Protein chains: 2
Amino acid sequence: MTKVVSRPTLRDVAHHAGVSVISASRVMRDAPNISDGLRARVRAAANALGYTPNRIAGSLRGQASDLVAVIVPSMSNSVFADILDGIDEGFKGTPLRTVLGLSRYDMDEEEAILRELLSWNPAGVIISGLEHSAAATAILQRLECPVIEVMDSDGDPIDTSVGFSMVKAGQVMADHFLAQGYRRIGYVGAWGELPVRSRKRRLAFEARLAENGVELVDRQIEEDQSSFAAGAAGLQALLARSPEIEAVFFANDDLALGALFHCLSVGIAVPERLALAGFNGLDMRDGITPRLTTIRSPRNEIGARAGRIMLDRVRGRPSAERGRIDLSVSLLQGATT
Amino acid sequence: MTKVVSRPTLRDVAHHAGVSVISASRVMRDAPNISDGLRARVRAAANALGYTPNRIAGSLRGQASDLVAVIVPSMSNSVFADILDGIDEGFKGTPLRTVLGLSRYDMDEEEAILRELLSWNPAGVIISGLEHSAAATAILQRLECPVIEVMDSDGDPIDTSVGFSMVKAGQVMADHFLAQGYRRIGYVGAWGELPVRSRKRRLAFEARLAENGVELVDRQIEEDQSSFAAGAAGLQALLARSPEIEAVFFANDDLALGALFHCLSVGIAVPERLALAGFNGLDMRDGITPRLTTIRSPRNEIGARAGRIMLDRVRGRPSAERGRIDLSVSLLQGATT
DNA sequence: AGCATTGATGGTAACGTTGTCAATTCTGAA
DNA sequence: TTCAGAATTGACAACGTTACCATCAATGCT
């Protein structure tokens, strides 16, 4: 019966320190009412043995683990990467950890991964968007742990949402276009507007224009995912159909920048002949002349705020925010409008 | 003693189906030797109750969980985002899940997060780079679970590594520059070459040039993180000091593209007056004319391969690869060299 | 002095699952 | 018909931790 050299447990630590298991446990998690001597002895034993707590065991005893299920469509989309960075920042120095689930822009996949992750008894769920499959919504509603929906803030959250308003974003850009005096306006999207968010933005953009008596001249939604190339292609298709357009709003910065490069290379004067505006406020803009006009989406803040709220909720702090949390979007005026 | 309505357990399912707990367990995990009747009854009961297995409990019983600790510097860097996407792809349809740890380009932080994540009894560890703190290396070496180091393949892995050779990458570009006839060559990096990988690449680049009798004219390492702006600034600084330079290798595509935009806007002819090349092969390149010459780093493949190997190892498949796995890098010839 | 309160420590059971072994039933060959 | 072996099902213990309660000593108050 040669015992395999495996990780030391609390029992080992307690034995080594000559105390009871429960006392060792108390020291390790800084419970109150511990004498300095006991604390010192247990600490020493833990160090000597290289003890690492087994959180799996701890989580089983408690009702929930310190794992937070984070479900987003994809990591390659820098929007979600930024959100994840923000969340992790919020978790820094806490026992909370992110367990990742990627939905690949598919509601069924999202539902499946949600079920999967719930089997880890997460302390909370952070999920992107307000739209989910009926079953997923039902599951989320029944959940006892905090559920934070990130990105959108148009609509009612299941529990709490942290995001910004796609409607406002669309309106802000419409107002800007109108203020600049543009009247023959177009729109370019991509990927069949798959993340529904972009459609919300466009509809609000169109509606605000219409309110002011300006009808969107034309729109072009590319099949492919957003990219510089798609932006250039979209713009070309749009202008081929509707050459009178004088200003274009793009679903995101990638598309807009691709279109900008196209304009620069074929000699379309920006913004004199054609004004361009994007959405997101990627750092990328900074090195490009003329600097792109866009709307800053508070991606990092969303993540950090969601992480912090999750922490507060898990800790049971009464100060923890709830409901819809609407971060503001702001126009970043560049030189392309 | 009103029982809180909480998640049903196997006991509930078993009771509902009129069978023993262990039988229910066997049905749920598709163990052999189960009668169709039993299977059907348990399945029905599980559905009726909405049973979700508690993997925390399952993991405690077994020796390791199905969680895989993935430690990378940052999500905002698209290189790691792509790797994570790849890993998750490899885990699709398996019980393996990613628990995320971000080291923020800091070895001490990496060590700390490693310790943190180990307390979840992970089935394996995927960590970026071959360089870790001494303590972290020691921990990783002692680990019983698979350890896969991703990105680099210059050097010896602790257990298994999946990546590409920074040295080869540097050499490939040096050979390309030489083949194109460039002799007055410069280099631009950023962020004090913080991810050590870029320095490895540069040194190999310089060494290969030197082997062929060409001394690097000058190099400029920006303080800031890589960005278009840093690339433009770096190029300007470089040319201010060494205007005779005719070709520049950049630490990555972001820098190179920023420099390219700068050249386009100030009228430096590319590649006639100045040749530019980047590194990574980001999709971004596709929409920009002239298309950037670069080296494709197999980011997604690294992730997918690492994920698959992790799965094979966890499953105990003898086919599971080990040791150093070197993915190839290839030159993507564009129009900037 | 008597008694409640607090501080410090320990014992026991439980969290939900699964590995191990035992018990029972069934199958097919002798 | 009988019996070995397979198929099927179950009982029990254990994984490492912590909640709960118990114990005992020290302290403070009337």
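Throughout, protein chains are lettered first and strands after them, A, B, ... in sequence-line order, and every chain is numbered starting at 1. Every value quoted in this text rests on a predicted model; they were computed, and no experiment measured them.
When each of B/Leu130, B/Val125, B/Thr137 is paired with B/Ile158, the side-chain contact (heavy atoms from CB on, under 4.5 Å) condition holds for B/Thr137 and for no other. Checked against A/Val162 for a side-chain contact (heavy atoms from CB on, under 4.5 Å), the options A/Ile83, A/Ile148, A/Ile126 give a single hit: A/Ile148.
Put simply, the side chain of A/Ser297 never gets that close to the backbone of A/Arg299: no donor and acceptor are under 3.5 Å apart. Using modelled atom types, no side-chain atom of A/Arg313 and backbone atom of A/Pro146 make a donor-acceptor pair closer than 3.5 Å.
A/Asn121 has its CG atom 9 Å from the P atom of C/dG16, to the nearest Å. At whole-Å resolution of the value, CG in B/Leu49 and P in C/dG16 are 14 Å apart. The nearest whole Å value for the distance from the CG atom in B/Asp66 to the P atom in C/dT17 is 14 Å. In this entry the distance linking CD1 of B/Ile22 with C1' of C/dT17 reads 8 Å, nearest Å. Going from atom CD1 of A/Ile34 over to atom C1' of C/dT6 covers 15 Å, rounded to whole Å.
Defined by atom type and a distance below 3.5 Å, a donor-acceptor pair is missing between the side-chain atoms of B/Ser103 and B/Glu109. Side-chain atoms of B/Glu111 and B/His132 include no donor-acceptor pair closer than 3.5 Å. Judged by distance alone, the side chains of B/Asn121 and A/Arg7 do bring a donor and an acceptor atom under 3.5 Å apart.
The pair B/Glu321-B/Arg305 meets the salt-bridge criterion, since a charged nitrogen lies less than 4.0 angstrom from a carboxylate oxygen. Using a cut-off of 4.0 Å between Lys/Arg side-chain N and Asp/Glu carboxylate O, B/Asp152 and B/Arg197 are scored as salt-bridged. A/Asp66 and A/Arg55 are joined by a salt bridge, as a carboxylate oxygen and a charged side-chain nitrogen come within less than 4.0 angstrom of each other.
For the pair B/Arg41 and B/Leu60, nearest-nucleotide mapping onto DNA chain D gives the more 5' position to B/Arg41.
One axis for each end of the helix from C/dA1-D/dT30 to C/dA30-D/dT1, each built from five base pairs, and the angle between them comes to 40° at 10° resolution.
For the OP1/OP2 pair of C/dG10 and a distance below 4.0 Å, the side-chain nitrogens and oxygens of A/Ser23 include at least one atom meeting the criterion. Contact annotation: A/Ser35 reaches the phosphate of C/dT9 (side-chain N/O to OP1 or OP2, under 4.0 Å).
In the region residues 50-58 of chain A, proximity to DNA chain C at under 4.0 angstrom, judged on heavy atoms, holds for none of the residues. DNA chain D lies under 4.0 Å from at least one heavy atom of each of the following residues of residues 25-33 of chain A: A/Ser25, A/Arg29.
A 4.0 Å heavy-atom criterion places the boundary nucleotides of DNA chain D facing chain A at D/dG16 to D/dA19, written 5' to 3'.
Residues satisfying the side chain to side chain donor-acceptor pair (under 3.5 Å) test with B/Ser76, not counting sequence neighbours, are A/Asp85. By the salt bridge (Lys or Arg N to Asp or Glu O under 4.0 Å) test, A/Arg104 pairs with B/Asp88, sequence neighbours left out.
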